Amino acid sequence: MPEEGGWTSYFSHLECSVTGERVEADGLRGLSPAGKPLLARYDLADARRHVDRDMLARRSADMWRYRELLPVPHADACVTLGEMMTPLIALREGGGRLLVKDEGRLPTGSFKARGQATAMSMARHFGARRVAIPTNGNAGGAVAAYAARAGLGAWCFCPMETPAAHVGEMLSFGAHVFRVAGMIDDCGAIVRQGVERMGWFPLSTMQEPYRVEGKKTMGFELAEQLGWELPDVIIYATGGGTALVAMWKAFDELEAMGWIGSARPRMVAAQSTGCAPIVQAWEAGERQATRWDNACTVAAGIRVPAVLADFMVLDVLRQSRGWAEAVSDEAILASQAMVAASDGVQMCPEGAATHAVYRAALARGDISRDERVVLFNCATGLKYPMPEQAGIIADPGAIDWAAIGDPL
């Protein structure tokens, strides 16, 4: 039995998400031989014999408390910037039943830190020297930071519309950053072309197996924070869809460990009406999504017109009795302003999309006020354009109090 303070991983092998073919985890891996995403598998029976929930209480409140169910083989292989357990914040409008899990508290200000912590750890462990990624912003910031931490070279390719704060963040960590006249899938094509020529290991969404593993710790944390009971509904902003797939995987692993039961939340994919390939496939009853042309939305992180793991995302929605829903940019911005002003939570546009979906579902009765609902704020809103309509006091010696507001 491993010592409480030691480091043991029960990571066993990789498995094709479609064929189930076993692939050994003995080096850098991308897609499976069938060209589909690979998933990490663990010896959960052995882990269950040696690890119990009580052990977690004696560990640091970070994502590495779940190290037995992560692929990183030992502490020295871990590339970390301090991935803390993120808080659950109750919003007033939900009467304590509507919660926001604020991933903006993580290093680089988004949930992407979780995935890059594990992906970069494994990339370095298996000998990568250079990494590359197509990004709408937050993933690039995380890649740049964790590559710097790992001592690896990083190349980031982002669409021209990527917010300036994200571009500056990548540059500040020393990454090679290029803005591309196209969408994120155009950026992905550049990364693929450079793998052999430039010696890059690609960290594109679902095209390597370990980002999922870091992101599944959101599911582990959520279960632990709620006393090992899952909520009724989880709403997550969906671009590449890794988070929904990752949390669903986490819940299966927790049940196999005997830490939760078989009950599952309804999983809801939130998208923008300006880019909604998963919603379109969901409504059509398809298992694969068609590329969305002319994608445009203020929520840059979900401006993903083509989704590699589309079938996996849609399977999660159906298995959980959830759904996919698109909301307008106007609704997204309204929710962002509402939550900030009423509760002091600065949601990113992608996170605000989950709130807009919640309000729409509540209004039509698909969610009840008695249900416990978790919205994921996947990044801090501070990286995005902010309101600028502040009042001006031109003469501090002659203040117009009536213009400032009504006195008490």
Side-chain angles (χ1 to χ4, degrees), residues 7 9 11 28-30 40 60 62-67 70-86 103-158 162 165-178 184 187-188 191 194-195 198-218 221 239-240 242-243 246 301 378-380 383:
W7 188 292
S9 170
F11 178 40
L28 293 170
R29 298 290 185 188
S60 299
D62 58 34
M63 64 175 268
W64 304 105
R65 67 199 281 111
Y66 310 111
R67 53 187 172 263
L70 293 174
V72 181
H74 50 78
D76 290 343
C78 182
V79 177
T80 179
L81 289 168
E83 299 73 30
M84 65 183 292
M85 180 178 283
T86 60
E103 296 289 285
R105 313 295 183 91
L106 287 162
T108 73
S110 86
F111 82 114
K112 303 289 187 179
R114 296 180 186 270
Q116 294 306 330
T118 48
M120 205 68 69
S121 294
M122 299 303 286
R124 185 181 68 174
H125 174 66
F126 286 126
R129 294 186 299 134
R130 295 176 162 192
V131 295
I133 192 167
T135 176
N136 278 319
N138 281 312
V143 164
Y146 283 88
R149 185 70 172 172
L152 307 184
W155 276 257
C156 303
F157 298 86
C158 57
T162 302
H166 294 293
V167 176
E169 179 186 26
M170 293 178 242
L171 290 168
S172 73
F173 291 122
H176 304 273
V177 183
F178 296 87
I184 192 169
C187 299
V191 171
V195 167
M198 300 296 293
W200 296 331
F201 179 66
L203 292 171
S204 308
T205 300
M206 299 301 294
Q207 293 192 33
E208 62 78 49
Y210 301 117
R211 286 177 66 181
V212 167
E213 296 308 289
K215 291 178 183 179
K216 80 181 181 186
T217 60
M218 290 188 292
E221 281 185 20
T242 312
C378 49
T380 175
K383 293 186 183 183

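As the structure is a computational prediction, the values presented were derived from the model and not from experiment. Basis for what follows: all heavy atoms, side chains included, without hydrogens, waters or symmetry-related copies.
Rounding to the nearest 0.5 Å gives a distance of 8.5 Å between OG of Ser204 and CD1 of Ile184. For the atom pair Cys78 SG and Met63 CE, the distance stands at 7.5 Å (nearest 0.5 Å). Distance check: Cys378 SG to Asn138 CG gives 7.0 Å after rounding to the nearest 0.5 Å. Here His166 contributes atom NE2 and Lys383 contributes atom NZ; the two are 6.0 Å apart, rounded to the nearest 0.5 Å. We find the OG1-CZ distance between Thr217 and Arg65 to be 11.0 Å, quoted to the nearest 0.5 Å. A distance of 15.0 Å separates CH2 of Trp155 from CE of Met170, quoted to the nearest 0.5 Å.
By the side chain to side chain contact (heavy atoms under 4.5 Å, CB included) test, Ala243 pairs with Phe111, Met218, Tyr236, sequence neighbours left out.
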Item to check | Evaluation steps, side-chain contact (heavy atoms from CB on, under 4.5 Å), between Gln207 and Val191 | outcome: CA-CA 11 Å; Gln207 293 192 33; Val191 171; over 6 Å; no
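Using a 4.5 Å cut-off on side-chain heavy atoms (C-beta onward), Val72 and Trp64 make contact. For the pair Val143 and Thr135, the minimum side-chain heavy-atom distance is 4.5 Å or more. Within the 4.5 Å cutoff, the side chain of Leu203 has heavy atoms near those of the Met120 side chain. Between Gln116 and Ile133, the closest side-chain pair of non-hydrogen atoms falls below 4.5 Å. When side chains are defined from C-beta on, Phe173 does not count as touching Tyr146, because their heavy atoms never get closer than 4.5 Å. Between Pro73 and Met122, the closest side-chain pair of non-hydrogen atoms falls below 4.5 Å. Side-chain contact check for His125 versus His74: some heavy-atom pair is nearer than 4.5 Å.
With hydrogens and angles disregarded, no donor-acceptor distance shorter than 3.5 Å links the side chain of Thr162 to the backbone of Gly137. Checking side-chain atoms of Ser9 against main-chain N and O of Phe11 turns up a donor-acceptor pair under 3.5 Å. Here the side chain of Arg124 pairs no donor or acceptor atom with the backbone of Leu152 at under 3.5 angstrom.
When every heavy atom of Gly140 is checked against every heavy atom of Cys156, the shortest pair comes out as O-SG, 3.8 Å. Scanning both residues, Val212 and Ala246, for their nearest heavy atoms gives O-CB, 3.4 Å. When every heavy atom of Thr118 is checked against every heavy atom of Glu213, the shortest pair comes out as OG1-C, 4.3 Å. The two residues Pro107 and Ala113 have their closest heavy-atom pair at O-CB, 3.2 Å. Of all the heavy atoms in Glu208 and Phe201, the pair that sits closest is CB-CZ, 3.9 Å.
Arg114 pairs with exactly one of Glu83, Glu103, Lys216, Arg211 by the side chain to side chain contact (heavy atoms under 4.5 Å, CB included) rule, that one being Glu103.
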